[in-house]
Enquirer: 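Dropping the structure in here first, questions after.
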Amino acid sequence: MERREFIKLASATAALAAIPGCASVGGGKSIGRVVVVGGGYAGATAAKYVRMWGPDIEVTLVERNTDFVSCPLSNLVLSGGKSIKDLTVSYNKLGSKYGVKVINDEVTAIDAAKRTVTLARGTALSYDRLIVAPGIDFMYDTIPGLSNAAAQENVLHAWKAGPQTVALRKQLEAMPDGGVFAISIPKAPFRCPPGPYERACLVAAYLSKHKPKSKVLILDANEEVVAKKGLFTKAWKDLYPGMVEYRANSELVDVDVKTLTAKLQFEDVKANVLNVIPPQRAGKIAAGAGLITANNRWCGVDYLTFESVAHKNIHVLGDAILAAPKMPKSGHVANQHAKVCAAAVVALMHGEAVYAAPVIANTCYSFVNETQAVHVSAIYKYDTAGKTMASVPDSGGLSSAATDIEGMYAEGWAQNIWADMLG
Amino acid sequence: MKKIASAICVSGVLAFCAGAVQAADDVGGRNLAAACAACHGTNGHAVPGMAAMAGMDKTYIVKVMQEFKTGKRPATLMHQIAKGYSDDQIALIADYYSKQK
């Protein structure tokens, strides 16, 4: 039997089975409650799409920040082309347009048996299904010199857009001409694989204009540039000749915060501005809830529903999951997880069959200077045999070159995905 | 009479099954199209900067996607995306977007 026919049959059977218990749709009566933890690219999209596709389902989103601030495009704050305000979107429309109840608070505990979440300030919430989209946490325990808060304010990550991004920009502004900006990249997997290399480009764009004797030093723990390698190395060579130096196999062992020294296995590297992107794992709440199942870092899920392999009725999305091979931890992919999950949650809560042939995309733009961008794209479909998402052969690819038109598309991408999440 | 009644009943079931298959296709189209929405807007209602697909003619969407797929239509990125979809999937997506107001 062809897969598509099988899906039709499975769905038809489920539709028949579901008829007697058909709930009133749009009649105002709720058939259950979904709580979403985290309002980033994954969580906000999931909250909106569950309400859109299941208007008889009550959705509560708990987010600790008052507004959404995008990580994608935030390297442009470092070059001076954008401000944080340009990357900030309100959560208001999730409530006014889609009826999502948005609570500005933090989830401190999840009780999978009782199906409740505890809030830092408010009263506990009960759920029928929970969607956890906690993003990433930094593994500062792997870098002893950065284990305290004061050190973390001197040696910034700027890997969650917001105050750290602005602070890193200020450090660059204060850096003398002829200084060294060093960026440390952890071993993959980490959030936004092309992001560190884009950052090297955009910091170089700022320095070449304002402090042309300065240097950008990339200390990469990986064997080679892990994303868009040819395009980035060409940009460093052509756009910033003599300014950007790339060092592979340069894993950070420790940091001396006082002297801004990156300690590598065989050498010490001093910088004027030291930017350390630490190794990462699923956001803290995932660990507390027992959702981390792989390498003590990531959450395993069923890719048809994004339900946790550890706990029933809890779904995990975005950067926190143990991603399928070749699937990056990107905002775009997080948005796609959310829609597969939303469709599954709505189907499950209506007693219907889960869609068995999801196809999702990744489109990821990086700027190489203030106006020109490059992309990587991919399409993944559910692989029934491997129970994973696999790249569709011959699909996807890279830009042939950095162009202004792709810079415009990158802006269009951002405006559209923000509207798809929150508009 | 009994025969007629059962004939009506059978055709009723068939009509229902056809309806269910259509519903499954609609859900498939909706889910597949949702992936495109990250760039092309929720239900095809894009904000400026990307092509809005809502209400576009189904045949036209299929034609453009096929041209991306074969490389006939120049693109920065869509030729790579189009190659990820089967003809059936493209038809479902096009049908869904054509029905959005």
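Values below: every heavy atom of this structure, side chains too, minus hydrogens, waters and symmetry copies. Lettering follows sequence order; numbering is per chain, from 1.
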Enquirer: Could you tell me which non-hydrogen atom of R30(B) sits nearest to which non-hydrogen atom of A343(A), and how far apart they are?
Expert: NH2-CB, 3.7 Å
Enquirer: Once rounded to the nearest 0.5 Å, what's the spacing between atom CD of Q89(B) and atom CD1 of I379(A)?
Expert: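 Taking CD in Q89(B) and CD1 in I379(A), the distance rounds to 9.5 Å.
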Enquirer: Tell me the closest heavy-atom pair linking H332(A) and C39(B), and the distance in Å.
Expert: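 Smallest interatomic distance, heavy atoms only, reads CE1-SG, 3.9 Å.
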Enquirer: Looking at A34(B) and Y49(A), what are the two nearest heavy atoms and their distance?
Expert: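 A34(B) and Y49(A) have their closest heavy atoms at CB-CE2, 4.2 Å.
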Enquirer: Looking only at heavy atoms and a cut-off of under 4.5 Å, which of V359(A), I360(A), I405(A), T363(A) has the most pairs with chain B?
Expert: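 Greatest number of close heavy-atom pairs with chain B: V359(A).
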Enquirer: Please flag which part of E406(A) lies under 4.5 Å from any non-hydrogen atom of chain B: side chain, backbone, both or neither.
Expert: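 Side chain only.
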Enquirer: Taking the side chain as every heavy atom from C-beta outward, state whether L77(B) and Y409(A) have any atom pair closer than 4.5 Å.
Expert: no
Enquirer: Go through W53(A) and V27(B) one step at a time and tell me if the side-chain contact (heavy atoms from CB on, under 4.5 Å) criterion holds.
Expert: CA-CA 10 Å; W53(A) 288 341; V27(B) 166; over 6 Å; no
Enquirer: Name the option with the most non-hydrogen atom pairs under 4.5 Å to chain B; the candidates are M408(A), H375(A), Q415(A).
Expert: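 Ranked by contacts with chain B, first place is H375(A).
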Enquirer: Sub-4.5 Å heavy-atom contacts with chain B: which residues of residues 334-341 of chain A show up?
Expert: N335(A), Q336(A), K339(A)
Enquirer: How far apart are the closest heavy atoms of A419(A) and V47(B), and which atoms are they?
Expert: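 Scanning both residues, the minimum pair turns out to be CB-CG1, 4.0 Å.
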Enquirer: Can you tell which part of M52(A) gets under 4.5 Å to a heavy atom of chain B, answering side chain, backbone, both or neither?
Expert: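 When you check distances to chain B, only side chain atoms of M52(A) fall under 4.5 Å.
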Enquirer: Mind listing the closest non-hydrogen atom pair of N416(A) and P48(B) along with its distance?
Expert: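 Minimum heavy-atom contact is ND2-O, 4.0 Å.
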Enquirer: So which heavy atom on K83(B) is nearest to which on D394(A), and how close?
Expert: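 That closest heavy-atom pairing would be CD-O, 3.5 Å.
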Enquirer: Select one option (side chain, backbone, both, neither) describing which atoms of I417(A) are under 4.5 Å from chain B's heavy atoms.
Expert: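 When you check distances to chain B, atoms from both the backbone and side chain of I417(A) fall under 4.5 Å.
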